[in-house]
Amino acid sequence: MDIASLGGELLGQIPFGDIVLYLTPFNLFMFAAVLIFTFLIAISRTETQVETEFGTLGNRRVEVDTAEFRVRRFLAVVCGLATAGAMVTGDLFNFTLFVALIGIVNIGIVSAVRQVEVLDAAFQYGLIAMMASLPLFGGAALVLGSSGTLSLLELSGMAGNPMIVFASILLLMGVVGETGVAPFYATKAEMFRTPGSPFILIIHLSSLLVIVRAIEVLLIVSL
Amino acid sequence: MMVPEFTLSLFQPAIYTGLIAGFIGLLGISFQKNDLSALIITDIVGIAMLVIVAAVGTDLAEALILPGLVVELAEIMAISEILISREMRILGEVPVVEHRPMELEVFRTAPNFLALILIAYGVFLTGFTGGAVAGAGILFYVATRRARGLPAVEWDGIAGISGVTWCLWLAGFLIFFIAPQLWLPALFMSGCGILIKVASKMGLIGVLAREEIREAGGDE
């Protein structure tokens, strides 16, 4: 499908050799939203939190030491940057790489906590993310194999064939597994019980935005 | 046509092989209740992914395999780290495991000879593969008894050489782009650079293992 009919008019291109970034109002809006949120995470200090206790009227003060938070903040910033990259990239394989990176850092953000249940959930999510790399990279490779290019600008000009539609379905399965949405959400839900609100929120935000962008990419590629 | 017909005909069988291998791997995971085994079988699914990427068989696909492999390695390392830390939280205080060195005949009799052959063969191959072979030679030498006396300073020096040869590799590639007519020296520079770089890095793995053995109070 044409890029302009999905994301608004083409504002410009940034050619980095093979990898051509392109800018549409749709991409730019999501890119800016992620960058603003990443900036908020980078400057936030959330070592101390107040949690509401369930069943009573009381509140509870939770403290996490700075050393643990420093790693998680760094990984959250990396996750934000990877999401921002996935928003503007014009190269299908870079998109899959950014999605895979989001999957890895999501595991990393929760892996520093000291709760067995959370680590268990992170392990299951990690297994799903690893399994999802087969349809993710396999789909991208099939698109390359059947069309000869990975540039979204060129793919948007081509008509889809059954092979590319199959590759798009594989790619969508990969993105769904890697970001842990609908059928795989159970593997991720326990992870949100860990303290550290903004860092957990970036996991949500990245999967939402990546799914929206993935649908745009798949429509461009397969229609 | 540049690519032989036979190579092109391999595309579909390779894709099917990858998908079937991945499917068998997924079945295995669904049957498996042991976490560690599930993790190891998951690696098979990842390798099936590499098969599908490799099936495309163009220069671009070749450039895609490396990131795919890196992603795969990073994921398996992260998940196994999580598994270890979860088990440690469950166990609490972990008893120290007694270290028992490998007792192999070849470790006592022929470390110099085998290491020399591996390094010589690696130099003969040059490039990334050669670096890996030569590195295996160094690794073998370090793992065996003879090399235990090497001081840490020497290994720091080898790490430094690794950095220098990395620059050599980069400079070689720069020459490729700036002055293509000097391709032979550029090829030589990058070939030697990557050889020594990979070899020294492989050797350092051995040093790390040796230091850990020493810390665990192993054989010295």
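Everything numeric here is computed off the predicted structure, so don't read it as measured data. First the proteins, then the strands, lettered A, B, ... as listed; each starts at 1.
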Using a heavy-atom distance cut-off of less than 4.5 Å, which residues of residues 98-106 of chain A contact chain B?
A:Ala100, A:Ile104
So which residue, A:Ala132, A:Ser133, A:Ala140, A:Ala122, ends up with the most heavy-atom pairs under 4.5 Å with chain B?
A:Ser133
Once rounded to the nearest 0.5 Å, what's the spacing between atom CZ of A:Phe137 and atom CG of B:Leu69?
10.5 Å
List the atom of B:Ala38, the atom of A:Leu127, and the distance in Å for their closest heavy-atom pair.
CB-CD1, 4.0 Å
Run the side chain to side chain contact (heavy atoms under 4.5 Å, CB included) test on B:Ile79 and A:Tyr125 for me, step by step, so that the C-alpha distance in whole Å, both residues' side-chain angles and the decisive distance to 0.1 Å come before the verdict.
CA-CA 9 Å; B:Ile79 301 169; A:Tyr125 174 64; over 6 Å; no
In residues 158-167 of chain A, what donor-acceptor pairs under 3.5 Å come from side-chain atoms, sequence neighbours left out?
unit_1: A:Asn161; atom_1: OD1; unit_2: A:Met163; atom_2: N; d: 3.2
unit_1: A:Asn161; atom_1: OD1; unit_2: A:Ile164; atom_2: N; d: 2.9

Which residues share a ring-ring contact (aromatic ring centres under 6.0 Å, His included) with A:Phe95, sequence neighbours left out
none
Starting at CE of B:Met49, measure out to CG of A:Leu136 and round the result to the nearest 0.5 Å.
8.0 Å
Between B:Leu39 and chain A, with a heavy-atom cut-off of 4.5 Å, which part of the residue counts as in contact: side chain, backbone, both or neither?
both
A:Phe74, CZ atom: more than 12 neighbouring heavy atoms under 6.0 Å
no
d(A:Met130 CE, B:Ile44 CD1) to nearest 0.5 Å is 10.5 Å
Looking only at A:Ala141, A:Ser146, A:Gly108, most heavy-atom pairs under 4.5 Å shared with chain B are made by A:Ala141
Contact origin within B:Ile29 toward chain A - heavy atom pairs under 4.5 Å
side chain
Pick from B:Asp43, B:Leu26, B:Asp35, B:Ile15 with the largest number of heavy-atom pairs that fall under 4.5 Å of chain A:
B:Asp35
Does any heavy atom of chain B fall under 4.5 Å from the side chain of A:Phe93, the backbone, both, or neither of them?
side chain
Can you name the ring-ring contact (aromatic ring centres under 6.0 Å, His included) partners of B:Phe188, sequence neighbours left out?
none
Heavy-atom contact with chain A under 4.5 Å, split by part of B:Leu19:
side chain
side-chain contact (heavy atoms from CB on, under 4.5 Å) partner of A:Leu134, the single match among B:Val51, B:Val45, B:Thr42:
B:Val45
